[in-house]
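Only this structure's heavy atoms are used, side chains among them; waters, hydrogens and symmetry mates stay out.
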Amino acid sequence: MSNQPFSSTASPHLSADCEQCFGLCCVALPYGKSSDFAFDKASGTPCSNLRNDNRCGIHTQLRQKGFKGCTVYDCFGAGQKLSQVTYASKDWRDHPESATEMFDCLPALRQLHELLSYMKEMMMRPETSTLHSAFGELYQEIERLSNLEPAALLRLNIAEHRSTVNQLLVQASEMVRANVPPATPGQGKSKKGKKRTGSDFFGANLKGADLRSASFRGALMIAADLQNADVRNSDWIGADLRDTNLGGADLRGGIFLTQSQLNAAKGDLHTKLPDHLSAPTHWT
């Protein structure tokens with residue numbers, strides 16, 4: 001693959017830095033008791049595992065303690081920006097009057113940072129060079145919005161901005177995937193032999209399939225089997241990879257593939273990944 005993949009180290013403000021955050025995801029976000037979380041928690045309520053120093057008390061044992069969902073969440077750097085920039089290092093613990101507003105801002109800012117991350121990735125791909133100028137202008141606009149005051153940030157129509165960015169992302173995806181013969185992922189069979197089409201790959205058997213340049217945008221791939229599949233240069237934006245078997249699969253050149261998606265999936269030492277992503281520790 002002749003490409004220079006996006007590296008989060010080149011844009012550290014788009015990567016989560018929990019040391020600089022007030023533990024916002026552990027307070028702002030709600031979750032229900034399930035295979036991903038050990039108990040129910042309401043929005044705005046601190047997780048019982050959150051310490052007073054804003055660190056997780058079971059960080060190294062999250063999966064063992066029933067908090068797999070925490071290991072796959074990624075704020076794309078929104079947490080530390082809210083903590084250190086938007087609220088100028090004023091912790092919600094010391095400034096409770098700002099707590100609710102701060103918590104409400106997290107989902108909005110996270111979405112803007114996610115868009116910035118996707119655009120930055122495409123500006124690093126030579127295949128999309130004709131779109132780099134357009135991406136640059138849109139990137140600056142979304143970054144400007146991410147620097148708004150809290151009240152203005154909460155008034156934004158995030159869906160409208162996502163739609164605008166997505167139009168360009170779709171074009172970029174098509175350019176990158178044009179370098180590889182298109183595949184037909186809908187022809188895979190599930191474990192029960194049922195044909196799969198569209199974005200429904202729940203439990204699908206795609207073991208060893210040639211899925212190069214496929215589009216899995218928004219696909220439901222929970223527990224799908226992609227062992228030893230060739231999915232190079234595929235588009236993964238918004239795909240649900242919970243418990244997807246990626247053992248031995250070749251994901252090099254993947255578009256919009258995130259570390260959080262890999263953290264939700266299963267893989268092994270033979271899984272081939274883009275250079276900017278790492279094999280999760282639970283894979284070994």
Beyond-backbone contact of [X] with [Y], side-chain heavy atoms, under 4.5 angstrom:
X: W236; Y: L241; value: yes
X: M119; Y: L168; value: no
X: P150; Y: T86; value: yes
X: L138; Y: L115; value: no
X: L211; Y: L206; value: yes

* Asked: Looking at residues at least two apart in the chain, or sitting in another chain, which of them share a side-chain contact (heavy atoms from CB on, under 4.5 Å) with M175?
  ->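 Partners of M175 under the side-chain contact (heavy atoms from CB on, under 4.5 Å) test: T128, T130, L131.
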Donor on one side chain, acceptor on other, [X] and [Y], under 3.5 Å:
X: D235; Y: S215; answer: no
X: K81; Y: S146; answer: yes
X: N233; Y: R252; answer: no

Test item: [X] side-chain N/O and [Y] main-chain N/O as donor-acceptor pair under 3.5 Å:
X: R55; Y: E19; result: yes
X: K41; Y: V27; result: yes
X: Q20; Y: D17; result: no
X: D240; Y: R242; result: yes
X: R110; Y: D74; result: yes
X: D200; Y: F202; result: yes
X: N147; Y: E143; result: yes
X: N205; Y: K207; result: yes

* side-chain contact (heavy atoms from CB on, under 4.5 Å) between S163 and V165, intermediate numbers included -> CA-CA 6 Å; S163 178; V165 173; over 6 Å; no
* Please list, chain by chain and in numerical order, all residues satisfying side chain to side chain donor-acceptor pair (under 3.5 Å) with D230, sequence neighbours excluded. =>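 Listed in chain order: R232.
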* What residues, two or more places apart in sequence or in another chain, satisfy side chain to side chain donor-acceptor pair (under 3.5 Å) together with D40? ->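 Expected list: none.
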List the atom of [X], the atom of [Y], and the distance in Å for their closest heavy-atom pair.
X: S213; Y: S234; answer: N-OG, 3.7 Å
X: S43; Y: A28; answer: OG-O, 2.7 Å
X: H132; Y: M123; answer: CE1-O, 3.4 Å
X: A16; Y: C75; answer: CB-SG, 3.9 Å
X: G23; Y: N54; answer: N-CB, 3.9 Å

* Asked: What do you reckon, is CD of E149 surrounded by more than 12 foreign heavy atoms closer than 6.0 Å?
  ->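 For E149, atom CD is not crowded (no more than 12 foreign heavy atoms under 6.0 Å).
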From [X] atom [atom1] to [Y] atom [atom2], the distance as rounded to the nearest 0.5 Å:
X: F135; Y: Q171; atom1: CZ; atom2: CD; result: 8.0 Å
X: D225; Y: L246; atom1: CG; atom2: CG; result: 9.5 Å
X: N52; Y: L50; atom1: CG; atom2: CG; result: 8.0 Å
X: Q80; Y: H13; atom1: CD; atom2: NE2; result: 9.5 Å
X: L82; Y: L109; atom1: CG; atom2: CG; result: 4.5 Å
X: R125; Y: S173; atom1: CZ; atom2: OG; result: 9.5 Å

Single-linkage hydrophobic cluster, 4.5 Å side-chain cutoff, [X] and [Y] together:
X: F37; Y: L29; result: no
X: F256; Y: V72; result: no
X: I158; Y: L154; result: no
X: Y31; Y: F103; result: no
X: L148; Y: L24; result: yes

* **Selection residues 151-162 - residue pairs positive for salt bridge (Lys or Arg N to Asp or Glu O under 4.0 Å), sequence neighbours left out** =>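 Qualifying pairs, neighbours excluded: E114-R162.
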* Steps toward side-chain contact (heavy atoms from CB on, under 4.5 Å) verdict (R144, E141) -> CA-CA 5 Å; R144 182 188 70 80; E141 172 59 14; 2.9 Å; yes
* To do: Please lay out, stage by stage, how Y118 and T258 fare under the test side-chain contact (heavy atoms from CB on, under 4.5 Å).
  => CA-CA 10 Å; Y118 291 149; T258 67; 4.3 Å; yes
Name the atoms and distances for all side-chain donor-acceptor pairs under 3.5 Å in residues 262-270, with sequence neighbours left out.
residue, atom, partner, partner atom, Å
N263, OD1, Q259, NE2, 3.2
N263, ND2, T71, O, 3.1
N263, ND2, Q259, O, 3.4
D268, OD1, G248, N, 3.1
D268, OD1, H270, N, 2.8
D268, OD1, T271, N, 3.2
D268, OD1, T271, OG1, 3.3

* To do: Would you check, one step at a time, whether the test side-chain contact (heavy atoms from CB on, under 4.5 Å) holds for V231 with D250?
  => CA-CA 6 Å; V231 286; D250 192 343; 5.7 Å; no
* Write out all pairs satisfying ring pair (Phe, Tyr, Trp, His ring centres under 6.0 Å) with one or both partners inside residues 44-77, taking only residues at least two apart or from two chains. =>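 Applying ring pair (Phe, Tyr, Trp, His ring centres under 6.0 Å) to every pair that reaches into residues 44-77, excluding sequence neighbours, yields F39-F67.
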* Y139 ring centre to K120 NZ or CZ under 6.0 Å, with the angle to the axis within 45°? ->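 Pair K120/Y139 counts as cation-pi.
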* Hey, are D53 and R93 close enough for a salt bridge, meaning a charged N less than 4.0 Å from a carboxylate O? ->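 Salt bridge absent between D53 and R93.
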* **Ring centroid separation Y87 to W92 under 6.0 Å** =>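 Not under 6.0 Å, so no.
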